[in-house]
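Just below is one structure, and these are the notes that go with it.
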Amino acid sequence: MSNNNSEVHIFEEEGMQQHIDDSAIIPQQQHYNNNNENNEEEETVLPIDFIHDRFPYCIVWTPIPLITWLLPFVGHMGIATSEGIIHDFAGPYYISVDNFSFGRPTKYLSLQSLFPDKQFTSKELDEAIKNSKKCYRKLMYNFFCNNCHHFVANVLNQLNLRRTDFTIVELGFYLFFYGKFIGISGVLKTFLPFCILTLLSLFFWIKIVNLF
């Protein structure tokens, strides 16, 4: 009889020990899963890759030959996805993807630096670009009324970064005064032709004035 009691006692102790071990393991598994969920929720912003023209969460800009030579604040604009792939309204019914029209970007502006207090996810940005791309592939290009700036403004307006919509004049202002040049080459490509034409104009103007 005593042997049976001892066996029952040993069995109860083993059961309690197993229960204790299981209860110690389960919270650790839940904690691990919760950490995974938190890591998935945290947005990982990729770094800018100038070599391969990857500008995550950025508006990009490049000069337009002849036009920017005369008006250095006027150029071609595009916007990049969370992975840095540039999209721009390049012509009638055409959105260029990862092939920026008029050459490589010379200036960029981070949306996170421009709107530090506004939060939006990579999914929201990519979805906004996708929607605008789908819409503008059905539209005729017009340099004055429906151009690359309108395309970028359409994307930003979907992100609800502010109460009022963005205009093309504002975007040009932001890029010109707050955009960052991509090295010395970006500065030269933007302003050197303008400076050369200005100096030539002054030179010929002086020559013409001296003739009279």
Does [Y] offer a backbone N or O that forms a donor-acceptor pair with the side chain of [X] under 3.5 Å?
X	Y	answer
T81	I85	yes
R104	I51	yes
H150	C145	yes
D126	S82	yes
S132	I129	no
T121	E124	yes
S101	A90	no

Under a 4.5 Å side-chain heavy-atom rule over Ile, Leu, Val, Met, Phe, Trp and Tyr, are [X] and [Y] clustered together?
X	Y	value
F73	F143	yes
L71	I196	no
F177	L161	yes
F191	I67	yes
V45	I59	yes

Please report the closest heavy-atom contact between [X] and [Y], naming both atoms and the distance.
X	Y	answer
G75	I64	C-CD1, 3.6 Å
L188	P193	O-CD, 3.5 Å
S113	P116	O-CD, 3.6 Å
V60	P105	CB-CB, 4.0 Å
R162	Y174	NH1-OH, 3.9 Å
P92	Y141	N-CB, 3.4 Å

Kindly compute the distance separating [atom1] ([X]) from [atom2] ([Y]), expressed to the nearest 0.5 Å.
X	Y	atom1	atom2	result
L114	Y57	CG	OH	15.5 Å
S96	N99	OG	CG	4.5 Å
I48	D53	CD1	CG	11.5 Å
F173	T167	CZ	OG1	11.0 Å
E127	L159	CD	CG	11.0 Å
K180	C58	NZ	SG	9.0 Å

Between [X] and [Y], does the ring centre distance come in under 6.0 Å?
X	Y	value
F100	H76	yes
F50	Y108	yes
F115	F166	yes

Is atom [atom1] of [X] surrounded by more than 12 heavy atoms (other residues, nucleotides or ligands) closer than 6.0 Å?
X	atom1	result
L200	CG	yes
Q119	CD	no
E83	CD	no

Is there side-chain contact between [X] and [Y], with at least one heavy-atom pair below 4.5 Å?
X	Y	value
F55	I182	yes
F120	S122	no
F181	T190	yes
D88	I95	no

I'd like to know whether H87 forms a side chain to side chain contact (heavy atoms under 4.5 Å, CB included) with F151, so could you lay out the CA-CA distance, the side-chain angles of the two residues, the decisive distance to 0.1 Å, and finally the verdict. CA-CA 9 Å; H87 291 63; F151 172 75; 4.2 Å; yes
Could you walk me through whether K107 and L175 pass the side chain to side chain contact (heavy atoms under 4.5 Å, CB included) test, one step at a time? CA-CA 8 Å; K107 187 184 289 188; L175 259 297; 4.2 Å; yes
Is D98 salt-bridged to R54, going by a charged N under 4.0 Å from an acidic O? yes
Could you go step by step and tell me if L156 and I79 meet the side chain to side chain contact (heavy atoms under 4.5 Å, CB included) rule? CA-CA 9 Å; L156 297 181; I79 188 168; 4.1 Å; yes
In chain order, what residues pass the side chain to side chain donor-acceptor pair (under 3.5 Å) check against N146, with sequence neighbours excluded? none
Just do the side chain to side chain contact (heavy atoms under 4.5 Å, CB included) check on M77 and L171 with the steps written out, would you? CA-CA 9 Å; M77 185 180 296; L171 293 180; 4.0 Å; yes
